[in-house]
Amino acid sequence: MKSNYLTFDCYGTLINTDPVYQWIENLALAAGLDPQAVRNAYASYEDDPVSVQPYLDFADLVRENLKHLDGMFDQEHFFESHYVEGLQIQRNLLPYPDIVPALQTWHDQGYQLIIMSNSSWDIMSANLATLKVPFDVVITAEDVQAYKPDLAFFEAVQKQFGFTSANHWHVARGYDSDVVPAEQMGWPMLWINRDQAKPSRTEKPTHTVADLTAAKAWIG
């Protein structure tokens, strides 16, 4: 299928977020806590749509998540005291090794590259620089005042570009945040399933691939 538009999730798809979770685990160890339990609590909070209703900027979401950990694990202000450090780690994240070559190929082929990210511009600008390949459009949660999987995010992008099943692929790692709403929107979807995760619902991507290198088999 020849497409004109490629939309991408950013964190976990293009940008490797493992350092964020390693940081959380290190904080847990410093506090004498189970690192896996704290990591799971942090991830669950940021993925819960209730955490961003009403909308709040990404930096505020990180701070609220750390405060949530303090309350959950009886740590007073230990986690929250590392808030600024956490934002800097987020800004310093790097892409996976397969990302830049694949993006460059699609850019050279004339695709319009679009990022749809649960982020805000005070963070996103630094992450974009590491991707090296220019994106035609970057749309953040801050821009639309909604976080994926909220369909308002997807509908805003759909309205702007007029995607069809013949001119667009959505490419993302998140099952709940991207695969589920992509099916609801009728978007062709490549699930970048690096960890061989199991679907939590019945919605299915169009194809599942291990990384962006493998995605080239379907895009082009």
Side-chain angles (χ1 to χ4, degrees), residues 9-94 96 115-127 130 139-154 156 172-181 184 192-201 203:
D9 172 52
C10 185
Y11 301 119
T13 301
L14 306 179
I15 296 290
N16 183 358
T17 56
D18 287 347
V20 172
Y21 299 104
Q22 186 60 60
W23 169 70
I24 289 293
E25 291 186 18
N26 290 343
L27 289 180
L29 288 170
L33 299 169
D34 179 353
Q36 190 62 53
V38 175
R39 175 183 177 136
N40 291 345
Y42 185 87
S44 296
Y45 186 90
E46 69 178 359
D47 290 339
D48 186 349
V50 174
S51 301
V52 291
Q53 296 292 338
Y55 172 82
L56 71 168
D57 281 343
F58 182 78
D60 295 327
L61 174 61
V62 171
R63 188 165 203 159
E64 290 300 314
N65 200 344
L66 295 174
K67 290 166 65 176
H68 158 72
L69 294 182
D70 282 329
M72 185 173 182
F73 295 97
D74 194 23
Q75 292 299 305
E76 296 185 354
H77 298 289
F78 172 73
F79 287 104
E80 186 188 5
S81 71
H82 293 273
Y83 160 70
V84 174
E85 175 187 332
L87 293 184
Q88 193 56 46
I89 290 172
Q90 190 79 28
R91 294 186 182 98
N92 291 338
L93 295 175
L94 298 173
Y96 292 98
I115 283 181
M116 298 172 56
S117 179
N118 280 352
S119 188
S120 52
W121 279 103
D122 57 338
I123 303 293
M124 177 58 67
S125 296
N127 300 142
T130 70
I139 303 170
T140 70
E142 180 180 8
D143 294 319
V144 298
Q145 298 288 288
Y147 284 84
K148 297 179 296 177
D150 191 330
L151 286 182
F153 199 141
F154 292 82
R173 182 184 186 181
Y175 179 82
D176 292 320
S177 63
D178 287 271
V179 174
V180 171
Q184 293 170 347
I192 309 300
N193 192 0
R194 297 179 185 275
D195 302 324
Q196 299 182 323
K198 300 298 183 182
S200 58
R201 296 173 40 156
E203 288 87 350

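We're numbering straight along the sequence, starting at 1.
With rounding to the nearest 0.5 Å, the separation of OH in Tyr45 from CG in Asn65 is 6.5 Å. Taken to the nearest 0.5 Å, the CD1 atom of Ile139 stands 13.0 Å off from the SG atom of Cys10. Atoms OG1 and CG, on Thr130 and Leu93 in that order, are 8.0 Å from each other to the nearest 0.5 Å. Remark: Phe154 CZ to Gln184 CD distance equals 9.0 Å, nearest 0.5 Å. Atoms CG and CD, on Asp48 and Glu46 in that order, are 11.0 Å from each other to the nearest 0.5 Å. Taking CD of Gln36 as the start and CD of Glu25 as the end, the distance is 5.5 Å to the nearest 0.5 Å.
Summarising the geometry of Phe78 relative to Ala31, their closest heavy-atom pair is CE2-CB, 3.8 Å, with the distance given to 0.1 Å. Across every non-hydrogen atom of Ala41 and His68, the tightest pair is O-NE2, 4.0 Å. In terms of heavy atoms, Thr17 sits closest to Gly12 at CG2-N, 3.7 Å. Considering all non-hydrogen atoms of both residues, Glu142 and Asp57 come closest at CG-OD1, 4.0 Å. Contact record, Asn127 with Arg91: ND2-O, 3.4 Å, taken as the closest heavy-atom pair.
Centroid-to-centroid, the aromatic rings of Tyr55 and Tyr147 come within less than 6.0 Å.
Ring orientation note: the planes of Tyr11 and Phe58 are close to parallel, at an angle under 30° on the 30°/60° scale.
Under 3.5 Å, the side chains of Ser200 and Asp176 contain a donor-acceptor pair of N or O atoms. Defined by atom type and a distance below 3.5 Å, a donor-acceptor pair is present between the side-chain atoms of Thr140 and Asp143.
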Evaluate the side-chain contact (heavy atoms from CB on, under 4.5 Å) criterion for residues Val52 and Asn118: first the C-alpha distance (whole Å), next the side-chain angles of each, then the deciding distance (0.1 Å), finally the verdict. CA-CA 11 Å; Val52 291; Asn118 280 352; over 6 Å; no
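Formation of a donor-acceptor pair under 3.5 Å by the Asn16 side chain with backbone atoms of Asp18 is found in this model.
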